[in-house]
Amino acid sequence: MNRYWTLAGGPLGGLPEPGDFRLRESVMPAPGPGQALSRTIYISLDPYQWGYRKGGLEKPGEVCHARTVSQVVESRMDGFAAGDLVFNVNGWSEYALMGEGVPRPAYMIPRKLDPKLGRISQAVGVLGMLGLTAYSGMTLLGAPKAGETVVVSAASGGVGQIACQLARIAGARVVGIAGSAEKCRFVTEALRIDKCVSHQSPTLAAEIARACPDGVDVYFENVGGAVFDAVTPRLNPAARVTICGVIAQYHDGAEQEGKAGLVRRLAPLVRERDVVVHDLFVGDFVADHQDRFLSDMGAWVAAGEVTYREDIRQGFECVPTAFGEMMRGGNFGKTLVQVSDDPTL
Ligand SMILES: NC(=O)c1ccc[n+]([C@@H]2O[C@H](COP(=O)([O-])OP(=O)(O)OC[C@H]3O[C@@H](n4cnc5c(N)ncnc54)[C@H](OP(=O)(O)O)[C@@H]3O)[C@@H](O)[C@H]2O)c1
């Protein structure tokens, strides 16, 4: 038998609760022509999955979507053999099919992993979509120059920690924003970022002003809400803003305003101060930038220029709980759940 998580079918509130999900069993699927069966090793938990669920893109009974790292068990799919380690989208499921007729987002193409390039778990993190998100939003769109001031919110998280380090590599002065004192220490010490401010501070706006005496030239936004309100008054003329995500707006009920709402609110600064705003969607960068990104990021990771903290929970049963904790800031680094043996460890 195969086990998987699905939505339970009740109304969804602001943030995920364990009762929103139900564990189910089904007969183990068998690969048809052009398909392969794989065993899930790591499940990636990402804020956008909650957007899918709240937006009605995922129906009760369907396997909850997630990007995964897996090992092929049986293959009738060209280019994949039993034993291969792969990036794919098995979702919150212990086993799943990939290939012919198996739906997946167009830009989440299954690919074989080379364990020599880095830990296989990193294929859903720094050497995968989150790395490409930071690379496209910071290196390509924000394009910080030496000496400029860059602000990154959710700076210790899966995307944020990479975005901070890419700005540092470009020679910018970088200010992170994170929750706890421990996370802020990680940002300044492990990531070698100039300053980190806690968004839990009642004087956040004043602290950002103090941390950015020359204003802000590049703002990489993962959060929205009060953090956005505190940073945007500091934007310099011709600043670049990458709107990556708005995780805080799941908490305060303004998620419907979304990224587009932040873009709208920046319109006066675009008109009056030449601020450039990018509404980032990583899927737009896969076709043209994936190869260059993997080669650049692989080199930075190998050289220790980019370090990457993962928060790996253990056991298939904990997936919904780990998801809810990540959405509330209870993660420390990129959130994954390991659900079976990693043969490379
Ligand atoms: N545009 C794209 O194509 C794209 C692609 C991938 C991801 N994203 C976005 O990137 C962002 C980061 O995703 P991730 O996977 O790397 O998640 P993550 O940063 O690892 O986890 C979420 C973090 O958000 C912070 N947070 C939660 N609620 C907050 C609040 N009310 N105020 C301030 N911070 C809060 C928490 O950190 P603290 O403890 O520090 O508060 C938490 O650890 C998300 O907004 C996601 O939607 C966008």
Side-chain angles (χ1 to χ4, degrees), residues 14-16 43-55 66-67 105 107-108 124-126 128-138 140-142 151-165 176-187 191 193 196-201 204 208 220-231 241-255 258-260 262-263 277-286 289 293 308-313 322-336:
L15 287 172
I43 296 176
S44 174
L45 298 181
D46 301 87
Y48 78 87
Q49 295 166 4
W50 189 232
Y52 268 36
R53 281 152 210 160
K54 297 240 314 180
R67 297 171 303 112
Y107 57 96
M108 294 187 187
V124 290
V126 67
M129 192 187 83
L130 297 197
L132 182 60
T133 303
Y135 184 83
S136 47
M138 180 61 77
L140 301 180
L141 299 178
V151 172
V152 178
S153 57
S156 74
V159 173
Q161 58 179 309
I162 313 169
C164 281
Q165 294 179 89
I177 302 173
S180 64
E182 193 189 3
K183 288 183 178 180
C184 284
R185 225 175 7 258
F186 164 76
V187 170
L191 305 183
I193 295 311
C196 189
V197 172
S198 170
H199 65 77
Q200 293 163 358
S201 162
L204 175 62
I208 298 214
F220 190 103
E221 174 62 303
N222 285 313
V223 164
V227 171
F228 178 86
D229 294 340
V231 175
V241 180
T242 292
I243 310 285
C244 177
V246 288
I247 194 165
Q249 297 184 192
Y250 290 121
H251 300 244
D252 64 16
E255 74 263 27
K259 290 159 71 198
L262 299 194
V263 174
V277 180
H278 300 283
D279 184 350
L280 177 66
F281 171 54
V282 64
D284 293 339
F285 290 81
V286 175
H289 298 281
F293 149 71
Y308 199 58
R309 182 179 175 122
E310 296 172 318
D311 183 340
I312 304 184
R313 312 292 169 97
F323 183 58
E325 285 179 14
M326 181 270 298
M327 292 297 298
R328 291 170 172 82
N331 62 317
F332 192 169
K334 163 67 195 148
T335 313
L336 302 145

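Atoms within a ligand are numbered from 1 in the order they appear, just like the ligands themselves.
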Does only the side chain of [X] get under 4.0 Å from ligand 1, or the backbone, or both, or neither? Count heavy atoms.
{"X": "N222", "answer": "both"}
{"X": "K259", "answer": "side chain"}
{"X": "I177", "answer": "neither"}

Which is closest to atom 22 (C) of ligand 1 by heavy-atom distance: L45, D311, V282, I247? I247

Can you check which of L15, V159, T133 brings a heavy atom nearest to atom 16 (O) of ligand 1? V159

Please say whether H199 places an N or O atom under 3.5 Å from an N or O atom belonging to ligand 1. yes

Indicate yes or no: does an N/O atom of G158 lie under 3.5 Å from an N/O atom of ligand 1? yes

If you measure from CD on E221 to CG on L280, what distance do you get to the nearest 0.5 Å? 12.0 Å

Could you tell me which atoms of ligand 1, counted from 1 in the order shown, lie closer than 4.0 angstrom to a heavy atom of G329? 36 (C), 39 (O), 42 (C), 43 (O)

Flag the pair R313 and D311 as a salt bridge only when some basic side-chain nitrogen lies within less than 4.0 angstrom of an acidic carboxylate oxygen. yes

If we count only N and O atoms by modelled type, under 3.5 Å, do the side chains of S44 and K334 hold a donor and an acceptor together? yes

Relative to each other, are the rings of F285 and H289 parallel, tilted or perpendicular (30° and 60° limits)? tilted

